[in-house]
Amino acid sequence: MANFDYSKEKIQDIFMIDVKSFYASCECVIRGLDPLTTRLVVLSRAENTSRGGLVLAASPAAKKDFGVTNVMRGRDLPMSPKFRKELTIAEAKKEILPVYDDVLNFYRVPPRMRYYIEENKKINYIFKDFTSPIDMHPYSIDETILDVSASLNYFYPGDKLTRYQKRDLLARDIQIEIYNKLGFYVTVGIGDNVILAKLAMDNEAKHNRTMRAQWTYADVEAKVWAIKPLTDFWSIGSRMSKRFEAMGILSIRDLANYDFHKLHQKFGIVGLEYYHHANGIDRTVVSHKYQPKSNSLSNNQVLPKDYNAKEFMLILREQVAQTISRVRKRGAKAAVIHLYVGYAMSESEKGFSRQLKMAPTNSTAIVIKAAESIFNKFYNGHSKIRHIGVSFGHFTFNDELQLDLFSDPRNQIKDEKLDRAVDEIRLKYGFTSIFKAASLSDYGTSLNRANSVGGHAGGTDGLEVIQKRLE
DNA sequence: TCTGGGGTCCTAGGACCC
DNA sequence: TCTGGGGTCCTAGGACCC
């Protein structure tokens, strides 16, 4: 028995689109290889952690033939003896690793985040041919939500076809267009609302030959309620799954039929959202979705070894300087600084995480002082440190210099000029063109991380190569 | 498990005010 | 009088996603 009268719910024509194994597909396309049949993995170098890095993306063939999964360690990947030998020699000589294992017919390549971002832009540019930009919502680097309610009848006028047939045809048109123009295979979840489209994509389209699937209100009981395990449902992770199980909720069907007052009581408004989603209800309107204008910026890293307090202070300053420089790049000032310090696993304490309010600033000198004061206040004085996280939040975007009572305005202006000069030099010549002498010591990590985007190698040749390919 | 990194949202509880 | 009550803001921590 349905818990909702679906005839009262608004029917929207929503597509949730993602690119199959996006990073891996980018690397196939640029090499002129087929994204579906080529065995390829994108491997983060992660020189500061375990040897061999971490699999960021694997092509469908690599998953199928070698059982590669997305968080697998590089050292667990299959490798022919011949390739292993070449790899060892290259490592010893500190040369760039070979990427192709010709015995296994297997590519392993480093990530190029900047190139992927450019490809994502091109994909979204094509979507604009199918719906108006306000009805598009980029959800992540490889997923976009499209509301085609207003354009469906423009592409498929008349009433010979049902609404559902028209949707499927339009989704197919998009798939073909993307493939012809850019070489990517995209998966489309089609739904009466955003959650149904998302669930259709995650739970059916990804496994279909057509790479399309359509879920409507009529399918809720047969399809949504049948999703299992619980963690296959969007927004239920391992922790929530355990909590639900403890309450006797073992399936989405159970969740959809649970007493929603109790869910509300126990989980607040999130509980109500789970209840609605489990019943296939989602009243989100894509064009009303505000673009969350990023309200925080952070950098985290697991350090290459355990650090003592003195060594750590260098890392701290380095990383605070890098993160605040990203804040300046946005033309923003931050009113909150947050520091996370994780102790080594051998320690009995976990570490700490504290934030501090500040007068809005983007001055390196000021935020370094703030970070140091947090550290000095909360560090236990003896634990080895293995993890650092720095984040800034509560941005403001005015240009005026905030004067506070305790600093000399002339120094503030001087600091600001210095920061801006450093940023400009780096913008022109790259991060490594200018850095504090201390970074050269053994303990600095900023040089190694200089070229990364989102913690992964940014790559330098992506744009030129793709431009050549298009010529 | 010899630890990936960058984000967002929500909540409980404390401080403080009227 | 044994414990007023309502509201806002802030912080630490939990949870999730890609």
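In what follows, every heavy atom counts, from backbone to side chain, and hydrogens, waters and symmetry copies are set aside. In what follows, chains are A, B, ... by sequence order, proteins preceding strands, each numbered from 1.
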State whether [X] places a side-chain N or O below 4.0 Å from either non-bridging phosphate oxygen (OP1 or OP2) of [N].
{"X": "A:Arg73", "N": "B:dG4", "result": "yes"}
{"X": "A:Ser296", "N": "B:dT8", "result": "yes"}
{"X": "A:Ser235", "N": "C:dC16", "result": "no"}
{"X": "A:Asn295", "N": "B:dT8", "result": "no"}

Among [options], which is the nearest nucleotide to the side chain of [X]?
{"X": "A:Leu54", "options": "B:dG7, C:dC18, B:dG4", "answer": "B:dG4"}
{"X": "A:Met240", "options": "C:dC16, B:dG5, B:dT3", "answer": "C:dC16"}
{"X": "A:Arg75", "options": "B:dG4, B:dC2, B:dG7", "answer": "B:dC2"}
{"X": "A:Arg326", "options": "C:dC16, B:dT1, B:dG7", "answer": "B:dG7"}
{"X": "A:Glu143", "options": "C:dC18, B:dG7, B:dT3", "answer": "C:dC18"}

Take atom [atom1] of [X] and atom [atom2] of [N], then tell me their distance rounded to the nearest Å.
{"X": "A:Phe395", "N": "B:dG7", "atom1": "CZ", "atom2": "P", "result": "9 Å"}
{"X": "A:Leu303", "N": "B:dC2", "atom1": "CG", "atom2": "P", "result": "18 Å"}
{"X": "A:Asp202", "N": "C:dC18", "atom1": "CG", "atom2": "P", "result": "6 Å"}
{"X": "A:Ile388", "N": "B:dG5", "atom1": "CD1", "atom2": "C1'", "result": "14 Å"}
{"X": "A:Trp234", "N": "C:dC18", "atom1": "CH2", "atom2": "P", "result": "8 Å"}
{"X": "A:Ile117", "N": "C:dC18", "atom1": "CD1", "atom2": "P", "result": "18 Å"}
{"X": "A:Ile269", "N": "C:dC16", "atom1": "CD1", "atom2": "P", "result": "16 Å"}
{"X": "A:Arg330", "N": "B:dG7", "atom1": "CZ", "atom2": "C1'", "result": "11 Å"}

Looking at [Y] and [X], is there a salt bridge between them, counting it only when a charged N and a carboxylate O are closer than 4.0 Å?
{"X": "A:Glu118", "Y": "A:Lys121", "result": "yes"}
{"X": "A:Glu143", "Y": "A:Lys198", "result": "yes"}
{"X": "A:Lys122", "Y": "A:Glu119", "result": "yes"}
{"X": "A:Lys228", "Y": "A:Asp232", "result": "no"}
{"X": "A:Arg31", "Y": "A:Glu27", "result": "yes"}

Show me the donor-acceptor pairs within less than 3.5 Å that the side chains of residues 336-346 of chain A make with the rest of the protein, sequence neighbours left out.
unit_1	atom_1	unit_2	atom_2	d
A:His338	NE2	A:Ser353	OG	2.9
A:Tyr343	OH	A:Asn380	N	3.3

Would you say the ring centroid of [X] lies under 6.0 angstrom from that of [Y]?
{"X": "A:Phe267", "Y": "A:Tyr275", "answer": "no"}
{"X": "A:Phe106", "Y": "A:Phe83", "answer": "no"}
{"X": "A:Phe244", "Y": "A:Tyr274", "answer": "yes"}

> Which ranges of DNA chain B pair up as stems, where a stem means three or more consecutive Watson-Crick or G-U pairs with both distances under 3.5 Å?
Replying inline: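 B:5-18 with C:5-18 - these are the stems of 3 or more pairs that involve DNA chain B.
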Contact class for [X] vs. all strands (heavy atom < 4.0 Å): base, sugar-phosphate, or nothing?
{"X": "A:Lys242", "value": "nothing"}
{"X": "A:Phe352", "value": "nothing"}
{"X": "A:Ile141", "value": "nothing"}

What are the atom names and distances for every N/O pair under 3.5 Å that joins the protein to nucleotides 9-12 of chain C?
unit_1	atom_1	unit_2	atom_2	d
C:dC10	OP1	A:Lys357	NZ	3.1
C:dT11	OP2	A:Gln355	NE2	2.8
C:dA12	OP1	A:Arg354	NE	3.2
C:dA12	OP2	A:Gln355	N	2.8

> When you look at A:Lys266 and A:Met247, which way does the side chain to side chain contact (heavy atoms under 4.5 Å, CB included) test go after all the steps?
Replying inline: CA-CA 10 Å; A:Lys266 193 144 183 178; A:Met247 295 163 71; 3.7 Å; yes
> According to the interplanar angle, ranging from 0 to 90°, do the rings of A:Phe397 and A:Phe395 count as parallel (below 30°), tilted (30 to 60°) or perpendicular (above 60°)?
Replying inline: perpendicular
> With rounding to whole Å, what would you report as the distance between B:dC2 and C:dC18 at their P atoms?
Replying inline: 26 Å
